[in-house]
Protein chains: 2
Amino acid sequence: MGKTRSAPTLNDVASHAGVSTATVSRCLNSPNQVVETTRVRVLQVIEELGYTPNFAARVMAAKRSFTIGAIIPTMDNAIFARGLQAFQNELRQNGYTLLVSSSDYKPEIEKEQIRALVARGADGLLLIGHERENEIYDYLKRHQVPALVAWSYLPDARQPSVGFSNRDAMFALAQDVINTGHRRIAMISGVTAGNDRAQRRVQGVRDALQANGICADDMRVIETTYEIDSGAHAFRDLMSRTPRPTAIICGNDVLAVGALREARRMDVSVPDEVSITGFDDIELAEIASPALTTVHVPHREMGRKAAQELIAMVNGTSKGVSTCIDTHIVYRASLATPPNGA
Amino acid sequence: MGKTRSAPTLNDVASHAGVSTATVSRCLNSPNQVVETTRVRVLQVIEELGYTPNFAARVMAAKRSFTIGAIIPTMDNAIFARGLQAFQNELRQNGYTLLVSSSDYKPEIEKEQIRALVARGADGLLLIGHERENEIYDYLKRHQVPALVAWSYLPDARQPSVGFSNRDAMFALAQDVINTGHRRIAMISGVTAGNDRAQRRVQGVRDALQANGICADDMRVIETTYEIDSGAHAFRDLMSRTPRPTAIICGNDVLAVGALREARRMDVSVPDEVSITGFDDIELAEIASPALTTVHVPHREMGRKAAQELIAMVNGTSKGVSTCIDTHIVYRASLATPPNGA
DNA sequence: TTGTAAGCGTTATCAT
DNA sequence: ATGATAACGCTTACAA
């Protein structure tokens, strides 16, 4: 008995309201083109039937989805969370929906996700960092999907970006570390392969050493994944050498917190025996003890501006303008003068 | 000159390969139904043209998208990150793509996101917690989109769930706090309105007090948003009363870490003057100092099992079976016996 | 094994 | 202001 009622379509609404499908469509998309009386009636039927448009059909017909996709390396820590939240808020206010997926820092997965999002009709994409196969950019171009890069600012890259100069930010931090008196500086970096942000952060440190007459080639750099455990492991490794570094600059706060944890376990005092710095200034940085000296990245501002620019690109209002966001250093307890005699 | 080359379609592939669109489609979806020689040729053309199927069209025709949607309350902290990552990994291995969106703990936004995901053809949905308008469940039923609830286990709820008993987990923790000697216990809870997990955690504490002959009505409970700052603020509030509580049970690790931070600022020693506990056991819990005694939730296991169950539901293999995941308590430095004379 | 053709639920172009 | 109707790109009976 009672036949299974399945999702109503535009057609159902049209017949119930005694109008054509075109009229119903107009009620939804350009309400002012339809006279009040019929509009009210149609809207009522829509309500009664609990109708919601089928996006697949809509996308196919309109070639527009009001959906933006973002592919981030990981959701596993807070690095991208805050910026993305701001990005989403701004999109929402402009009638766009954000769909996120994460690549686990793996280029092949990222490629797959990009295709998935484009195939699902994303009007535009937010990508993290510049470095990826040209094939991907060709694909996006062919499909005419604008893409904006964030978390990195490179003025003359192929894609427009809203971000900051990873190299300059790290240079400034390293300069401060040097000014504090450190000479034996080591670094725990994220994996640099395929990650221009990580590469440039290392470069920033190198350049600062060079600029201060310290031989950058001597600097020990350990590359590892952006995880607390990895940071911890790298710290132990670094501290088992002689002479020990007096300061360890970490590629981000997660690594730095891992280093801090290991220091506690090894009973190495921070910052008395060794200074540690981070990058990003996520909540972890303030919570850690000692709290981390780190580079503050205005994530929310970056997210908001990225959304605005990407929307403009999708609208055709902008061809893609790059914006550089300022970062600054936050001084906390983890950085201090090196131990005497170091 | 040179005409603008836009994305190739099935049709383009078909004509270049000298076959019908049906054959091309079969090459992609059921390769064994087409003879090797033609398959190779078709695949080659696909490669040459850089063809990728249009999902909107595919979804419309096949009524299947191999996409799963998840709506989580927030990406702003790591609470949902780990479980979601495991969820996504499992989905990927089974050929599904995960699309995530976040509701910022707002029911209206969540409703909107659910509709967005369903409209985009999601085959199934992962939802956090049970409590939401019935209208939403009706909507999902009407659209025949299976939904699984996670982060909460309620055997006789309308929706199947893969999660844990928030009430029992918190009961056990509260019992431990009491066993440690505490009697003046206060609580910092997340907002309970519309959040069954928060509600049940409070209930767990109440029940434990009752079970030990302590009047639960006297317990001070502050409800606030799940943010570090909120936890800090609530802590200050709680500690400004006389007599002060000797233990503060927090609704999750984020709140507890906020409390810890404020304790440091107020120069209140934890756990000497007051004990603090968390819930979730995210990385923050171990990093905090003192490290948090908290309820460990096996997020990865939950994510993995949720993915398996949801896939089964989408396949029609399962009508939705609920699973209860075991939690356990992790003892760290933030919980100790109450101060003498308390 | 392969081709033909009828949808799938919209939007958009023309008419009216 | 409204109605027909042709796309949109793909899947899938059904035929051959």
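Residue numbering restarts at 1 for every chain, and letters A, B, ... go by the order of the sequence lines.
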note = Heavy-atom nearest pair, B/Gln85 first then A/Met75, reads OE1-N, 4.0 Å

task = Compare every heavy atom of B/Val19 with every heavy atom of B/Val24, then report the nearest pair and how far apart it is.
result = CG2-CG2, 3.7 Å

query = Is a salt bridge present between A/Arg92 and B/Glu112, judged by a nitrogen-to-oxygen distance below 4.0 Å?
reply = yes

task = Look at atom NE2 of B/His16 and say whether more than 12 heavy atoms of other residues, nucleotides or ligands are closer to it than 6.0 Å.
result = no

task = With a 4.0 angstrom cut-off to heavy atoms of chain B, pull out the first and last contacting nucleotide of DNA chain C, in 5'-to-3' order.
result = C/dT1 to C/dG9

Cationic N near anionic O, under 4.0 Å, B/Asp138 to B/Arg158 = yes

remark   = Between B/Ser152 and B/Arg197, the two heavy atoms sitting closest are CB-CG, 4.0 Å

message = With the threshold set at under 4.0 Å for non-hydrogen atoms, list the residues of residues 31-41 of chain A touching DNA chain C in residue-number order.
response = none

task = For residues A/Leu127 and A/Ala147, report the shortest heavy-atom separation together with the two atoms involved.
result = CD2-CB, 3.9 Å

Atom CD of A/Glu108 with >12 non-hydrogen neighbours under 6.0 angstrom = yes

query = Reading nucleotides 8-16 of chain D from the 5' end, what letters show protein touch, with B for base, S for backbone sugar-phosphate only, - for no heavy atom under 4.0 Å?
reply = BBBBBB---

ask   = With a 4.0 Å cut-off, would you call A/Glu135 and A/Lys111 a salt bridge?
value = yes

query = Shortest non-hydrogen contact from B/Ile325 to B/Pro298?
reply = CG2-CG, 3.5 Å

